[in-house]
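On a predicted model such as this, the values are computed, not experimentally measured, just so you know. Just follow the structure's listing: the first ligand is 1, and inside any ligand the first atom is 1. Heavy-atom basis, side chains included; hydrogens, waters and symmetry copies ignored.
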Amino acid sequence: MKILVLNCGSSSLKFKVFAAPDLRWLAGGTAERIGQPDSLLRMAWLDGAGEYPGAAPDHQAALRQVFRLLAQHGVVADPVQLSAVGHRVVHGGDRFRAPLLLDAANLAELRQLTPLAPLHHPANLRGIELAGALCPGVPQVAVFDTAFHHTLPPRAWRYALPEWTWRDYQVRRYGFHGTSVQYVCRRAAELMGRPLDQLNLIVLHLGNGASVTAVQGGHSVDTSMGMTPLEGLVMGTRTGDLDAAVPFYLMRHAGLDAAAAEHLLFFDSGLHGLCGSSDMRAVHARAEAGDADAQLALDVTGYRLKKYIGAYSAALGRVDAVIFTAGIGENDADMRRRACGGLERFGIWLDAGRNDATHSEARRISSDDSPVQVWVIPTDEELEIARITLELTTTA
Ligand code: ADP
């Protein structure tokens, strides 16, 4: 029994194959720059790895090549032998609050959610269509980034807008990164040796996209991303929190139309907008070389993180642990210091030596006597999707 997990983006495709039921990793990889002349497929399996330039002229060719390589290296002889395919789907809207075993009817409903996530949803759907065509008869499961946040109370999900915006247009806070947050919370409970239903956690998922979630007893009670993945923290190219009147001002005075304003906020802002680099490692390198814009970008980003930790400490009342995960959260000691520094009165005492140590395992980085524990816990969204897919396809 083998499960394929697919995360299909507009120009990328990430995949992992797990053995079921123990969910051992068997293979995985990424196709990048799909559709461009310099597309690249990278894949690793238990006893080897390879790079395949030009292997991804489009998503279909990329997935076909993945299946060829999986067969060639003895991972999956034939795609129809997979026991299930689990898909990361960014937006489930208000309709899909839990993972979904896909069929023709609910797939049609899923298509109708595209307006809520026009930048991600079409690629997610493409992945589902392609897997359906290349692995006929294999059960497919959609795992939504939004689903974990279905427990938000109205005071957290409702914007202060008239009811018709929510009733007729589904404008509300949905939240994202839910699969990652759910995985990390379960790991935190294991590592802390306490039941998840007794823990209050603040989880900072800091990758190219970034969000903070307040988790009470295993349930999401507030999260920084909103109706779209734009709100909240400073991200690689997204603004995060912004006075909602700014785009209208720029549309009136700087000649932007709605599409240009949206592009500005999603793709030309954040770290990139502040200093010209969207990759945190590049921002650090420039800041260390004395670049004032890069130093300001780090300042703005760290300050926003600190404000959210403060806000969610207030929302939760008691915090048992602050958890950092994803590329920046797992690797960037400086950003963790900026986020937690000065929060001693909130019970958050970082241990400088533990914070600076570099390794890839889950680890506690607060001092032994810190009232609030601080952890770095590597995320594994694909493993969580595989776990959910297995659960749904074996109980169905
Ligand atoms: P995605 O949201 O695309 O999955 P990741 O979780 O891989 O993103 O995180 C990507 C971010 O992590 C990038 O900004 C990258 O620079 C940052 N990052 C990765 N390693 C480090 C590091 N050692 N120090 C600082 N930032 C890092």
Side-chain angles (χ1 to χ4, degrees), residues 5-16 28-34 40 42 88-90 117 119-120 123-124 143 145 175-181 183-184 187 203-213 223-225 228-240 266-267 269-289 291 294-295 297-302 304-305 323-340 355-363 365 376-385:
V5 174
L6 271 187
N7 179 352
C8 198
S10 57
S11 65
S12 70
L13 186 153
K14 294 184 197 159
F15 65 96
K16 280 188 189 173
T30 318
E32 288 164 7
R33 298 187 292 278
I34 295 177
L40 178 66
R42 288 196 184 92
R88 177 194 181 209
V89 178
V90 166
L119 304 173
H120 296 94
N124 297 161
V143 178
D145 258 32
F176 299 85
H177 292 142
T179 312
S180 167
V181 177
Y183 172 81
V184 162
R187 285 286 291 136
V203 181
L204 297 104
H205 176 112
L206 311 179
N208 284 309
S211 68
V212 198
T213 301
T223 191
S224 61
M225 282 180 167
T228 74
L230 185 71
E231 199 179 340
L233 301 173
V234 177
M235 307 180 215
T237 64
R238 297 178 220 150
T239 52
F266 275 88
F267 297 106
S269 299
L271 294 173
H272 174 72
L274 284 162
C275 74
S277 300
S278 65
D279 188 287
M280 189 54 99
R281 281 165 293 197
V283 180
H284 277 295
R286 289 178 43 190
E288 276 155 32
D291 181 319
Q295 288 165 355
L298 295 176
D299 253 11
V300 174
T301 305
R304 186 85 53 91
L305 286 170
I323 299 160
F324 288 89
T325 194
I328 297 167
E330 292 166 28
N331 297 298
D332 190 341
D334 175 67
M335 198 43 70
R336 293 193 298 257
R337 189 165 38 244
R338 288 171 186 269
C340 295
N355 184 44
D356 286 340
T358 48
H359 61 93
S360 57
E361 299 297 306
R363 59 200 183 276
I365 57 169
V376 172
I377 301 182
T379 192
D380 194 336
E381 288 173 275
E382 290 82 8
L383 178 58
E384 185 69 11
I385 292 173

Give the intermediate values and the outcome of salt bridge (charged side-chain N to carboxylate O under 4.0 Å, His left out) for residues D332 and R336.
CA-CA 6 Å; D332 190 341; R336 293 193 298 257; over 6 Å; no
Applying side-chain hydrogen bond (donor to acceptor under 3.5 Å, both in side chains), run through D145 and H120 and close with a yes or a no.
CA-CA 11 Å; D145 258 32; H120 296 94; over 6 Å; no
Is a side-chain donor or acceptor of N7 paired with a backbone partner of F15 at a separation under 3.5 angstrom?
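Not at all, since once roles are kept as given, no pair shorter than 3.5 Å links the two residues.
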Report every pair formed by an N or O atom of ligand 1 and a protein N or O atom separated by less than 3.5 Å, giving atom names and the distance to 0.1 Å.
| from | atom 1 | to | atom 2 | distance (Å) |
| --- | --- | --- | --- | --- |
| ligand 1 | 2 (O) | N208 | N | 3.0 |
| ligand 1 | 3 (O) | N208 | ND2 | 2.8 |
| ligand 1 | 6 (O) | G327 | N | 2.9 |
| ligand 1 | 8 (O) | N208 | N | 3.2 |
| ligand 1 | 8 (O) | N208 | ND2 | 3.4 |
| ligand 1 | 12 (O) | I328 | N | 3.3 |
| ligand 1 | 14 (O) | M280 | N | 3.0 |
| ligand 1 | 16 (O) | D279 | OD1 | 2.6 |
| ligand 1 | 16 (O) | D279 | OD2 | 3.4 |
| ligand 1 | 16 (O) | M280 | N | 3.0 |
| ligand 1 | 16 (O) | R281 | N | 3.1 |
| ligand 1 | 16 (O) | R281 | NE | 3.3 |

Thinking salt bridges, do D380 and R187 make one under a 4.0 Å N-O criterion?
no
Just by distance, with hydrogens left out, do S277 and R286 show a side-chain donor and acceptor under 3.5 Å apart?
yes
Nearest heavy-atom approach of T228 to F266 is OG1-CZ, 3.6 Å
